[in-house]
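One structure is given below, encoded as structure tokens.
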Amino acid sequence: QVQLVESGGGLVQAGGSLRLSCAASGRTFSTYAVGWFRQAPGKERDFVAAIIWTTGRTSYADSVKGRFTISRDNTKNTVYLQMNSLGPEDTALYFCAATRGQGFLTVVSRYDYWGQGTQVTVSS
């Protein structure tokens, strides 16, 4: 089992920045990749970014490319999501998730473990 705890969400004005953290514990050595997803009220959970734990290779949704950066600190078993130039369209509940297997990291069903989420609200 892998436990994930997100933090860093909050209320920010449009154009501002936030950094989300995802702290992992448990059998973290089994993790292949960690992803960030977000879900706005009444909408599906969408892929935001992912990082492969060992290589650091990253991938992003088109909607956040150039604004968001995913990174990891292996010594702290923590993954970060730096979010810049935030807009109201970024308002959502943000989740981090971990997967043990390779595959399409943009797909929700590929992930084995999920955190509880942290709310990000961007005011216009």
Side-chain angles (χ1 to χ4, degrees):
Q1 291 284 342
V2 176
Q3 294 78 42
L4 302 170
V5 178
E6 303 97 334
S7 62
L11 174 64
V12 65
Q13 288 187 334
S17 299
L18 283 174
R19 188 178 81 156
L20 306 184
S21 299
C22 173
S25 60
R27 297 173 64 87
T28 56
F29 59 85
S30 66
T31 299
Y32 171 72
V34 174
W36 284 98
F37 291 77
R38 64 186 181 185
Q39 188 167 18
K43 295 188 177 181
E44 294 184 349
R45 191 167 298 188
D46 291 331
F47 170 75
V48 175
I51 187 166
I52 297 175
W53 195 253
T54 53
T55 66
R57 183 175 178 178
T58 60
S59 59
Y60 296 92
D62 288 343
S63 60
V64 306
K65 280 182 182 176
R67 300 189 299 124
F68 291 11
T69 303
I70 189 171
S71 62
R72 89 266 195 243
D73 185 334
N74 296 50
T75 63
K76 296 181 179 180
N77 285 335
T78 300
V79 173
Y80 303 99
L81 185 68
Q82 177 66 44
M83 307 186 296
N84 299 327
S85 301
L86 286 163
E89 68 277 10
D90 297 311
T91 294
L93 186 61
Y94 283 70
F95 299 89
C96 70
T99 177
R100 294 171 297 180
Q102 302 182 34
F104 294 103
L105 298 180
T106 62
V107 178
V108 169
S109 61
R110 296 294 304 175
Y111 288 80
D112 306 292
Y113 308 102
W114 290 84
Q116 294 299 306
T118 184
Q119 178 67 38
V120 172
T121 303
V122 185
S123 63
S124 58

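Since the model is a prediction, treat every value here as computed from it, not as a measurement. We're numbering straight along the sequence, starting at 1.
- Note: the hydrophobic cluster containing Val2 does not contain Tyr111 (ILVMFWY, side chain heavy atoms under 4.5 Å, direct or indirect links).
- Side-chain contact between Asn77 and Thr31 is absent, with no heavy atoms from C-beta onward closer than 4.5 Å.
- One finds the OH atom of Tyr113 at 13.5 Å from the SG atom of Cys96 (value rounded to the nearest 0.5 Å).
- Applying the salt bridge (Lys or Arg N to Asp or Glu O under 4.0 Å) rule to pairs touching residues 68-92 yields Arg38-Asp90, Arg67-Asp90, sequence neighbours excluded.
- Under the side chain to side chain contact (heavy atoms under 4.5 Å, CB included) criterion, Ser123 pairs with Leu11, Gln13, not counting sequence neighbours.
- To the nearest 0.5 Å, atom CD of residue Glu6 and atom OH of residue Tyr94 are 12.5 Å apart.
- Applying the salt bridge (Lys or Arg N to Asp or Glu O under 4.0 Å) definition to pairs two or more places apart or across chains, none involves residues 40-50.
- Listed by chain and residue number, Thr78 satisfy the side chain to side chain contact (heavy atoms under 4.5 Å, CB included) test with Ala23 (two or more places apart in sequence, or in another chain).
- Residues that satisfy the side chain to side chain donor-acceptor pair (under 3.5 Å) test with Ser17, not counting sequence neighbours, are Asn84.
- In the hydrophobic clustering of this structure, Ile52 does not group with Val34; members are Ile, Leu, Val, Met, Phe, Trp, Tyr whose side-chain heavy atoms approach within less than 4.5 Å, directly or through other members.
- Residue pairs that meet the ring-ring contact (aromatic ring centres under 6.0 Å, His included) test with at least one member in residues 40-71, sequence neighbours left out, are Phe37-Phe47.
- With rounding to the nearest 0.5 Å, the separation of CD in Gln116 from CG in Leu4 is 10.0 Å.
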